[in-house]
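Structure first, commentary second.
Order of the sequence lines fixes the chain letters, A, B, ..., with proteins taken first and strands second; residue numbering starts at 1 for each chain.
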2 protein chains.
Amino acid sequence: MDAKEILLSHLRETIDLTPEEESIVCDTYIEMHLKKKEVLLFAGEISNHMRFIAAGSLRAYHMDEEAKEHIVQFGIEGWWVNDLYSYLTETPAKQFVQAIEPSIVLQIHRDTLNQLYEKVPAIERFYRLKFEKAYVALQDRTINSMSKSAEERYLEFRSKYRSIEQRVPQYMIASYLGITPEFLSALRKKIK
Amino acid sequence: MDAKEILLSHLRETIDLTPEEESIVCDTYIEMHLKKKEVLLFAGEISNHMRFIAAGSLRAYHMDEEAKEHIVQFGIEGWWVNDLYSYLTETPAKQFVQAIEPSIVLQIHRDTLNQLYEKVPAIERFYRLKFEKAYVALQDRTINSMSKSAEERYLEFRSKYRSIEQRVPQYMIASYLGITPEFLSALRKKIK
DNA sequence: CCCATTTCTTAAGACACCTTAAGATTAAAA
DNA sequence: TTTTAATCTTAAGGTGTCTTAAGAAATGGG
């Protein structure tokens, strides 16, 4: 199944599209092939695209003043990944978006997407729901990190994202959980 | 200035409304007068209203399994406060919304708002921008709590929300920052 | 104005998590 | 395969933040 088919079947889970609409959609997204570690978006740039992962895995991470990386979001095939902050407000991104594995991403420019909204109204609804879900996921994450210990967070991560845990290096999971790789290693030993 | 005037001038900062539209708006929001500590939304209920603070101050907080409260958001006059998660997805709220001081809130039911979108299209734009800003604020908060010490977080809070710091009890600020009141007290002593 | 309640502070000991440094594994490149 | 780089683990000692308990200060109700 090629990348655009993957996108279409992803869209079909939420909205109905006519064959004509589907072909318009296919024509407007641009397919990008990324090498491992290739960066799609740099902090400081404005994020002008919505990005769908057709294959592979990516991460969005923030770099603090001490150059330490903090992973905000993982993404695997079938997910969207972005610095939504930057995309929505057209201000410089605070996050990098980078491929973890070799990946295929379908992306669409904000201007193109706004035009697409008029041609294919269901797409607007699709993205409105996406933005809502993104908010929900972020809120869950915020509340979670406020009220749970590292061990609880790790156990939840493992049961919720088993497929991710098996594919990304452990030090990245530690970064996502907000702990050091050494401490995660100690936790794993203790749990087992 | 009465509560609805405060709402109108708040709306005027972002969108243009004709006098007729303004009077429609005034007729659709319902004014509520809250006592100190009165709860507007309970966790477990579905949040069916968007809520604008015309006077006073409120907090949205999450209660964990050990019955500890974690403040997710403060709001003062001119702000909106809600469990957006619940409002947007029509699922049970994870947060309580409660008045800190005696307050006046203007609220509108989801169904009424959806009708209002059709009568006054600028309102839809207003809320779309609100939701975006809410996301941005939440993302800032998440990144912040991931990469900064409690002391840094407190100093930032103080410079960003001086007006709030002077009005709400310190133990609530501690809760917002994710630390204990005792530790905040120690921090303050150290800083001064 | 006084009593009750709420809020803030102090201090000692405990624990979660970090830092550093080094070695052990595993994966990638040559 | 051999070498190099990336990733994971171990361990000792340190720091940030919490817990508990108690008292002090401020605030609000009668």
Side-chain angles (χ1 to χ4, degrees), chain A residues 34-39 56-59 61 64-71 74 98-103 144-158 164-192, chain B residues 34-39 56-57 59 61 63-71 74 98-103 144-158 164-192:
Chain A
L34 305 172
K35 285 182 251 175
K36 189 173 173 173
K37 297 199 180 172
E38 193 169 339
V39 174
S57 57
L58 289 88
R59 62 179 182 136
Y61 63 95
D64 69 21
E65 306 82 26
E66 291 155 359
K68 285 185 187 159
E69 298 176 1
H70 305 270
I71 295 182
F74 288 114
Q98 186 192 41
I100 298 176
E101 304 170 305
S103 303
N144 224 304
S145 74
M146 278 172 69
S147 53
K148 302 214 165 128
S149 69
E151 180 173 343
E152 290 170 316
R153 265 142 48 212
Y154 173 58
L155 290 172
E156 266 190 48
F157 179 88
R158 248 188 10 176
I164 293 181
E165 206 217 346
Q166 290 160 355
R167 281 165 64 176
V168 313
Q170 251 162 61
Y171 72 89
M172 287 193 188
I173 294 172
S175 169
Y176 179 89
L177 296 173
I179 60 178
T180 58
E182 293 86 354
F183 189 57
L184 176 56
S185 178
L187 277 182
R188 285 165 55 83
K189 186 180 175 190
K190 179 187 157 200
I191 289 166
K192 216 184 344 169
Chain B
L34 306 171
K35 284 183 253 175
K36 189 172 174 175
K37 298 199 179 171
E38 193 169 338
V39 174
S57 58
R59 63 179 182 136
Y61 63 95
M63 189 175 290
D64 68 20
E65 306 82 26
E66 290 155 358
K68 284 184 187 162
E69 297 176 2
H70 303 269
I71 294 183
F74 286 115
Q98 184 192 42
I100 299 175
E101 304 169 307
S103 303
N144 225 305
S145 74
M146 278 173 68
S147 54
K148 302 214 165 129
S149 69
E151 178 173 345
E152 290 170 315
R153 266 143 47 212
Y154 174 58
L155 290 171
E156 267 190 46
F157 180 87
R158 250 191 5 178
I164 294 181
E165 205 217 347
Q166 291 160 356
R167 283 167 60 177
V168 313
Q170 250 163 61
Y171 72 88
M172 287 194 188
I173 295 172
S175 168
Y176 179 88
L177 295 173
I179 60 179
T180 57
E182 293 85 356
F183 189 56
L184 177 55
S185 179
L187 278 182
R188 284 166 56 84
K189 186 180 175 189
K190 179 187 158 202
I191 288 167
K192 215 184 346 166

(request) Not counting sequence neighbours, which residues clear ring-ring contact (aromatic ring centres under 6.0 Å, His included) with A/Tyr61? List them please. (result) A/Phe96
(message) Let me spell it out: for each of A/Gly178 and B/Arg188, pick the nucleotide of DNA chain C with the closest heavy atom. Which residue's pick is nearer the 5' end?
(response) B/Arg188
With the criterion being N/O to N/O and under 3.5 Å, what pairs connect the protein with nucleotides 24-27 of chain D, and how long is each?
none

(request) Send over the distance from B/Glu182 CD to D/dA22 C1', rounded to a whole Å. (result) 11 Å
(message) Could you work out, with side chain to side chain contact (heavy atoms under 4.5 Å, CB included) as the rule, every residue matching A/Pro102, not counting sequence neighbours?
(response) A/Lys36
(message) Let me spell it out: for each of A/Lys37 and B/Glu151, pick the nucleotide of DNA chain D with the closest heavy atom. Which residue's pick is nearer the 5' end?
(response) A/Lys37
(request) Quantify the bending of the helix from C/dC1-D/dG30 to C/dA30-D/dT1 as the angle between its end axes, each fitted on five pairs, to 10°. (result) 60°
(request) Go through residues 168-177 of chain B and report each residue with a non-hydrogen atom lying under 4.0 Å from DNA chain D, sorted by number. (result) none
(message) Rounded to whole Å, please give me the gap between CD in B/Glu152 and C1' in D/dT17.
(response) 15 Å
(message) With heavy atoms of chain A within less than 4.0 Å as the criterion, where does contact along DNA chain C begin and end?
(response) C/dC17 to C/dA28
(request) Name all residues meeting the side-chain hydrogen bond (donor to acceptor under 3.5 Å, both in side chains) criterion together with B/Ser149; count only those two or more places apart in sequence or in a different chain, and write none if there are none. (result) B/Glu152
(request) Select from A/Lys68 and B/Ser185 the residue whose nearest nucleotide in DNA chain C is closer to the 5' end of that strand. (result) B/Ser185
(message) Once salt bridge (Lys or Arg N to Asp or Glu O under 4.0 Å) is applied, do any residues pair with A/Lys68, and if so which ones, sequence neighbours excluded?
(response) A/Glu66
(request) Kindly compute the distance separating CD1 (A/Ile71) from CE (B/Met146), expressed to the nearest 0.5 Å. (result) 8.0 Å
(message) Can you tell me how far apart NE2 (A/His70) and OG (A/Ser175) are? Round to the nearest 0.5 Å.
(response) 7.0 Å
(request) Mind checking side-chain hydrogen bond (donor to acceptor under 3.5 Å, both in side chains) for B/Glu101 and listing every partner two or more places apart, or none if nothing turns up? (result) B/Ser57, B/Arg167
(message) The criterion is side chain to side chain contact (heavy atoms under 4.5 Å, CB included); which residues satisfy it with A/Ser185, sequence neighbours excluded?
(response) none
(request) Quick one: list whatever passes side-chain hydrogen bond (donor to acceptor under 3.5 Å, both in side chains) with A/Tyr154, sequence neighbours left out. (result) A/Glu165, A/Arg188
(request) Measure the CD1-NZ distance between B/Ile100 and B/Lys37 for me, rounded to the nearest 0.5 Å. (result) 11.0 Å
(message) Can you tell me how far apart CD (B/Glu182) and CG (B/Leu187) are? Round to the nearest 0.5 Å.
(response) 12.0 Å
(request) Kindly compute the distance separating OH (B/Tyr171) from CD1 (B/Ile179), expressed to the nearest 0.5 Å. (result) 15.0 Å
(message) Counting only side-chain nitrogens and oxygens, does B/Thr180 get under 4.0 Å of the OP1 or OP2 atom of D/dC18?
(response) yes
(request) Rounded to the nearest angstrom, tell me the gap between atom CD1 in A/Ile179 and atom P in D/dT9. (result) 12 Å
(request) Kindly write out the residues that satisfy side-chain hydrogen bond (donor to acceptor under 3.5 Å, both in side chains) with A/Lys148, not counting sequence neighbours, or none if the list is empty. (result) A/Glu156
(message) Expressed as a whole number of angstroms, how long is the span from B/Lys190:NZ to D/dT15:P?
(response) 12 Å
(request) Using a heavy-atom cut-off of under 4.0 Å over every strand shown, decide if B/Ala186 touches base, sugar-phosphate, or nothing. (result) nothing
(message) For the backbone of B/Phe74 and the side chain of B/Arg59, can you confirm whether one donor and one acceptor N or O come within less than 3.5 Å of each other?
(response) no
